[in-house]
There are 2 protein chains.
Amino acid sequence: MPGVQPSPPTPAVTSLRGVAAGRGCEFCGLRPRCLPAGLEGEHLAGFARAMPRARRLRAGEHLFRVGDPFESLFAVSRGCLKSYAVDAEGREHVLNFYFPGELAGADAIYPEQHMANAIALEDSVVCVLSYRTLGQLAVVTPELQQQLLRLVSRDLFSMATIAGDFTAEERLAAFLVMVSARLRGSGDAPTRLDLAMSRQDIASYLRLATETVSRILARFQRNGLLKADRRRILLIDPAGLYEIAACMNPYARCAEDRRPRHVRPFRSA
Amino acid sequence: MPGVQPSPPTPAVTSLRGVAAGRGCEFCGLRPRCLPAGLEGEHLAGFARAMPRARRLRAGEHLFRVGDPFESLFAVSRGCLKSYAVDAEGREHVLNFYFPGELAGADAIYPEQHMANAIALEDSVVCVLSYRTLGQLAVVTPELQQQLLRLVSRDLFSMATIAGDFTAEERLAAFLVMVSARLRGSGDAPTRLDLAMSRQDIASYLRLATETVSRILARFQRNGLLKADRRRILLIDPAGLYEIAACMNPYARCAEDRRPRHVRPFRSA
DNA sequence: CGACTAGTTGAGGAATTTCAAGCGGTGTGG
DNA sequence: CCACACCGCTTGAAATTCCTCAACTAGTCG
């Protein structure tokens, strides 16, 4: 069975306030990119009070599965998750990865049940956001409603990035650029990546064979673009990778450079 | 101009619905699937009064282009549109099609500008929905907020359907099943399709060469699954096509079986 | 009528997959 | 602590899907 990860023996569901620090949203470094972004004063306090219930996930533990009723959105606080579907032939298709500051589960809003599985790729922490409560808060907090829509829309964005018909090299380069951008906290995009996902996950996500991912990484390495040792990737020439992926404009570029509120005019190559 | 339907050679202002006919959303047959779904009484009247401005598009006319500031969402009332991006090498990538009852432009919420172009594939009518006004209405109309999120989430759904790694046959079969399902008004899924999109559009959307689309359609025809004459497709064995596409469960299935349901507002238990 | 475009069909070729084998960490049991 | 097995990853060779190139057909429009 593909995709079976080492399962921890215990569910390990702890109820801790806020994020890794164990405090409320007010003190969370991810807040500018998370749902309560833009909230202030009483709105923020109200959100922090009402909303987040933290849940820890061990690597390999599922956050939700196909068929689960949709009740909550999940803001990734620490770690990394993947969502995937298993088709009728048993093949696994990775649909998306979720990094800290991102929102998982939004694709279940419409069907009102989860159509995909989500699993932690490493030990992770998510904030469980009751969708009902979220809705109640959103109608009295326009900024929250706005941010919720923004974050759901962002998923469209990330899906469109890899939806197109590109070569394996282009997609893999774009993947690395994208991961680097999405792993960035508040500073610059990191050049050292410790990927949480396996080659197989990457391959499935990019619609490639795992061997192809290996081969292209090796090629990138030969060409001095990066240094790859298992899941540790060193981006030696990020600009070069970016160049390879640049054909995927405008999506690749925007996915990387996106910062809230500041819109740069589009300029085609 | 290409893309004109064989049936009505004239500008074809046949039976316009609701807004497009100069009447409000109250009388629009698409309402159960559109944004004001679930609204009643004063809420509905308020929405109908404040919101929709109809816009007609000739085949080949653009609704928006890359770089346009994001100001409105667009509910397709009649016709069909495609969204597409042009990469740095000048290749066009079709990202999505929009059928009556569907919402275009949601992928621009996050970046606050359009990252793709949208063009009418045939003479079409869309309802222009000012996003600002929409947001103002949504904070006082929980059902509207809910439906807005649902419709944006649905886009995630349709993208996930073809995101996976499937064979050309599977994707094309899934495409036909999907179009049939999405063209369905309130009745059954039609078995006669008058596609608004060219083979090239289909191919780009499915990440195939146009020749491959032709060949596979011919193969389907030889196998008695359908009858294809240019853009007129007769689904002779919908179940057979469904079978071929069924490997794409759960997405294919749900995209098809999804029926508009009464929206449960947040507050009701 | 004749040019033009969309679509079809065939042959050859290329990118990627599949099959197969081997490498190298990591964990486990002796 | 070491031997062994396992798993993720890599690499090579053969196979295959799908693409590219090319020619052709049939509608469409001036």
Side-chain angles (χ1 to χ4, degrees), chain A residues 1-9 59-60 82 89 91-94 121-122 164-173 175 193-222 226-233 244 247, chain B residues 1-10 59-60 82 89 91-94 121-122 164-173 193-222 226-233 244 247:
Chain A
M1 200 64 181
V4 176
Q5 317 253 338
S7 276
K82 74 170 175 184
E89 331 238 306
R91 293 172 300 192
E92 175 182 320
H93 301 265
V94 172
L121 296 173
E122 57 188 351
D165 183 22
F166 300 101
T167 67
E169 271 196 9
E170 289 163 350
R171 276 178 291 178
L172 188 52
F175 173 78
L193 309 178
D194 286 296
L195 299 179
M197 61 289 287
S198 67
R199 294 284 189 274
Q200 195 169 338
D201 289 333
I202 299 170
S204 172
Y205 178 65
L206 299 176
R207 305 183 297 266
L208 297 172
T210 66
E211 295 93 331
T212 304
V213 172
S214 263
R215 269 186 266 269
I216 292 178
L217 279 177
R219 195 180 311 162
F220 283 168
Q221 183 156 346
R222 276 197 302 278
L226 52 77
K227 185 93 173 55
D229 177 36
R230 306 172 74 71
R231 298 192 180 186
R232 173 152 303 173
I233 312 281
I244 295 175
C247 61
Chain B
M1 217 58 199
V4 178
Q5 292 296 80
S7 358
T10 51
K82 74 171 176 186
E89 330 238 307
R91 294 172 299 193
E92 175 181 317
H93 301 264
V94 173
L121 296 173
E122 57 188 350
D165 184 22
F166 300 101
T167 68
E169 270 197 11
E170 289 164 350
R171 278 183 304 208
L172 188 52
L193 309 178
D194 286 297
L195 300 179
M197 62 290 287
S198 67
R199 294 284 188 275
Q200 195 169 339
D201 289 334
I202 300 171
S204 173
Y205 179 64
L206 299 176
R207 304 183 298 267
L208 297 172
T210 66
E211 295 94 328
T212 304
V213 172
S214 262
R215 269 186 265 269
I216 292 177
L217 279 178
R219 197 182 306 163
F220 283 169
Q221 184 157 341
R222 276 198 301 278
L226 53 77
K227 184 94 174 54
D229 177 36
R230 312 203 147 254
R231 297 191 181 187
R232 173 152 302 171
I233 311 282
I244 295 175
C247 59

Item to complete: Any side-chain hydrogen bond (donor to acceptor under 3.5 Å, both in side chains) involving residues 198-208 of chain B? Give me the pairs, sequence neighbours left out, ordered by first then second residue.
Response: B:Lys82-B:Asp201, B:Ser198-B:Asp201

Worksheet item: What is the distance from CD of A:Glu169 to C1' of C:dT16, rounded to the nearest Å?
Response: 12 Å

Discussion item. Quick check: closest heavy atoms across A:Ala168 and A:Leu208, and the distance to 0.1 Å?
Written reply: CB-CD2, 3.6 Å

Practice prompt. Taking the side chain as every heavy atom from C-beta outward, state whether B:Ile202 and B:Leu172 have any pair of such atoms under 4.5 Å apart.
Written response: yes

Worksheet item: Which whole-number value in Å describes the distance from B:Phe166 CZ to D:dC18 P?
Response: 13 Å

Discussion item. Looking at every heavy atom in both A:Glu170 and B:Arg91, which two are closest together, and how far apart are they?
Written reply: OE2-NH2, 3.4 Å

Worksheet item: For B:Arg219, which residues count as a side-chain hydrogen bond (donor to acceptor under 3.5 Å, both in side chains) partner, sequence neighbours excluded?
Response: B:Glu169

Discussion item. Rounded to whole Å, please give me the gap between CZ in B:Arg232 and P in D:dG27.
Written reply: 13 Å

Discussion item. Which is more 5' along DNA chain C, the nucleotide nearest B:Met197 or the one nearest A:Arg207? Just name the residue.
Written reply: B:Met197

Response to the item:
Rounded to whole Å, CG of B:Leu172 lies from P of D:dC19 at a distance of 12 Å

Worksheet item: Which ones in residues 211-222 of chain B lie close to DNA chain C, meaning a heavy atom under 4.0 Å from one of its atoms?
Response: B:Glu211, B:Ser214, B:Arg215, B:Ala218

Fill in: Whole-Å distance separating the CG atom of A:Leu206 from the C1' atom of C:dT16
13 Å

Discussion item. Considering every strand and a 4.0 Å limit on heavy-atom distances, what is the contact class for B:Thr167: base, sugar-phosphate, or nothing?
Written reply: sugar-phosphate

Worksheet entry | Rounded distance (nearest 0.5 Å) linking atom CD1 of A:Ile244 with atom OG1 of A:Thr167 | 8.5 Å

Item to complete: Search all heavy atoms of B:Ala228 against all heavy atoms of B:Ile233 and return the closest pair with its distance.
Response: CB-CD1, 3.7 Å

Worksheet item: Which angle, rounded to 10°, do you find between the first-five-pair axis and the last-five-pair axis of the helix from C:dC1-D:dG30 to C:dG30-D:dC1?
Response: 30°

Worksheet item: Taking OP1 and OP2 of D:dT10, is either one under 4.0 Å from a side-chain nitrogen or oxygen of A:Arg199?
Response: yes

Worksheet item: What is the distance, rounded to the nearest whole Å, between atom CZ of B:Arg230 and atom P of C:dG7?
Response: 7 Å

Response to the item:
Atom CZ of B:Arg91 and atom P of D:dC19 are separated, to the nearest Å, by 13 Å

Worksheet entry | Nearest-Å distance for atom pair CG/P, residues A:Asp165 and D:dC19 | 7 Å

Response to the item:
By side-chain hydrogen bond (donor to acceptor under 3.5 Å, both in side chains), A:Arg232 pairs with (sequence neighbours left out) A:Asp194

Practice prompt. Give a yes or no answer on whether the side chain of A:Arg171 reaches the backbone of A:Phe166 with a donor-acceptor pair at less than 3.5 Å.
Written response: yes

